[in-house]
Amino acid sequence: MSEEALKILKKKKKQKRIIFASQIAIVVIFLLAWEVLASKKILNPFIFSSPSRIWNTLWNLFQSGELIKHIGTTLYEVILAFSIGISAGFVIAILLYELPTFAKIIDPFLTMINSLPKVALGPIIIIWTGANTKSIIVMALLINLIVSIMNIYNGFIGVDEVKLKLLRTLGASKSQVLRFLIIPESKRTIISSLKINISMTLIGVIMGEFLVSKSGIGYLIIYGTQVFNLTLVMSGIIILIVLSFLIYEFISLIEKKLSNQR
Amino acid sequence: MSKLLDIKHISKNYITESESIEAIRDITLEIEKGSITTIVGSSGCGKSSLLSILSGIDHATSGEFKFSKKDPVIGYMLQSDALFPWLTIYENAILGLKIKKKDTFENLEYVKRLLDTYKLSEFNDKYPSDLSGGMKQRVALIRTLALKPDILLLDEPFSALDYQSRLAVSDDVYRIIRKEGITTIMVSHDIAEAISMSDRVVVLSKRPCHVKKIYTILLSNKSTPIENRKAKEFSIYYNKIWKDLDINV
């Protein structure tokens, strides 16, 4: 490698280190300022809590086994709703692609459902499916399914017209067009819809847990609000931030792996 | 030479919500077996529509065409190579065979031989992004030839290439077609390409297109397309076709 290239690489590495150090510094300064302001009573610790109180609460929850239980519940619901959402979204998108008239008929209904604030349906879902995990999954599906269908379907109809024409000249059947062209070419769209889907699923699950649950991070937050334990609420939020970050990173990893494949 | 294809009074109208566009008006042509016929015309005149009709992916509004052979195999090569970037060169070359469920040992060996003959076998496991534009076009031709077509329809197959690649690839394609002895109908807007590669040049009018003139290309010392451009009759044909096309620049 030339000296010039080495210099540029070195500069890039240095910039990366500066960015990472700055990010850590922001978090540390924020936590320190929060802790100091709360201990000096400049911020009311009853309302704003403090990092040390949150840490203690999290530690106690961990020791009692409650933390793992709540994280486990939310994760289970997220994985279930995500898997159903993405599989059903894929199958329905294929159906819409194969039946264009049907797609045109239901297009306005999909748009209507998509633009509806799903939380409004919460009470009805609880009555229909009961105050249990089922209603949480349904709530998450209401949010992630339509987005999945629309993303995957748009990927399908956006395929290269020339390649489509080529397959037609080769006499490909509809299922062959799907297998040889539509699915491989929409791989990127499908992968990026995984990212959107996981975020939507998490929103749906937490919303569901707010409405009806006996455990889960959403329950932890709503319970903390009801008993006015703001430290518990903030602990729940912190867990949620870490959990959603980890899930997102996991999906990004899958995306990277799949994108590297041709 | 015997007749392979008889096109009679083909017309095509495209109907949109607001209007009916007449693209082709009463085209009648006869295609001889083993010949190369090039159709030239101004862009958008309906040349490609005619190929789409002959390939069976579109229908004529009126008229008909008949092949002398029952159930002929039609090979269609498009303007772009349309190679699938997620498939290797070999997988791309056998795509048509797989779709038509003709991927027998004998046919796969034939594709391997074609790839080998046209110096592409060392790229069998590579992907289209690893190849030059000209090489990709050769793979696209092999994908079409793999089906052993009775007739080859070439829809401006070199238009996506730069001038030099265009000359080189058209030379390659010409050699391949001649060697395999395949009847070919090519659509082009390049008069020089048409004269240098064909036995006949069909000049179409502006839209709605109809046959304006048919030239039988007789060059002294007929050779490869690049060499054919040096023939003394070349410029005479060129000037005549240019005039017929009535191109305003």
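Below, chain A is the first sequence line, B the second, and so on; all start at residue 1.
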*Side chains of A/Thr74 and A/Glu77: do they bring a donor and an acceptor to under 3.5 Å?*
no

_Chi angles and distances behind the side-chain hydrogen bond (donor to acceptor under 3.5 Å, both in side chains) call for B/Asn107, B/Thr104_ = CA-CA 5 Å; B/Asn107 285 340; B/Thr104 58; 3.3 Å; yes

*Under a 4.5 Å heavy-atom cut-off, does chain A meet the side chain of B/Lys101, its backbone, both or neither?*
side chain

*asked:* Taking side chain as everything from C-beta outward and backbone as N, CA, C, O, which of these in B/Thr88 sits under 4.5 Å from a heavy atom of chain A? Side chain, backbone, both or neither.
replied: neither

*Does a side chain donor of either A/Ser148 or A/Asn197 reach within less than 3.5 Å of an acceptor in the other side chain?*
yes

*Check side-chain contact (heavy atoms from CB on, under 4.5 Å) between A/Tyr76 and all other residues, then give those that pass, not counting sequence neighbours.*
A/Leu80, A/Thr133

*Contact winner vs chain A - B/Leu83, B/Leu78, B/Thr144, heavy-atom pairs under 4.5 Å*: B/Leu78

*Is it the backbone or the side chain of B/Asp58 that comes under 4.5 Å from a heavy atom of chain A, or both, or neither?*
neither

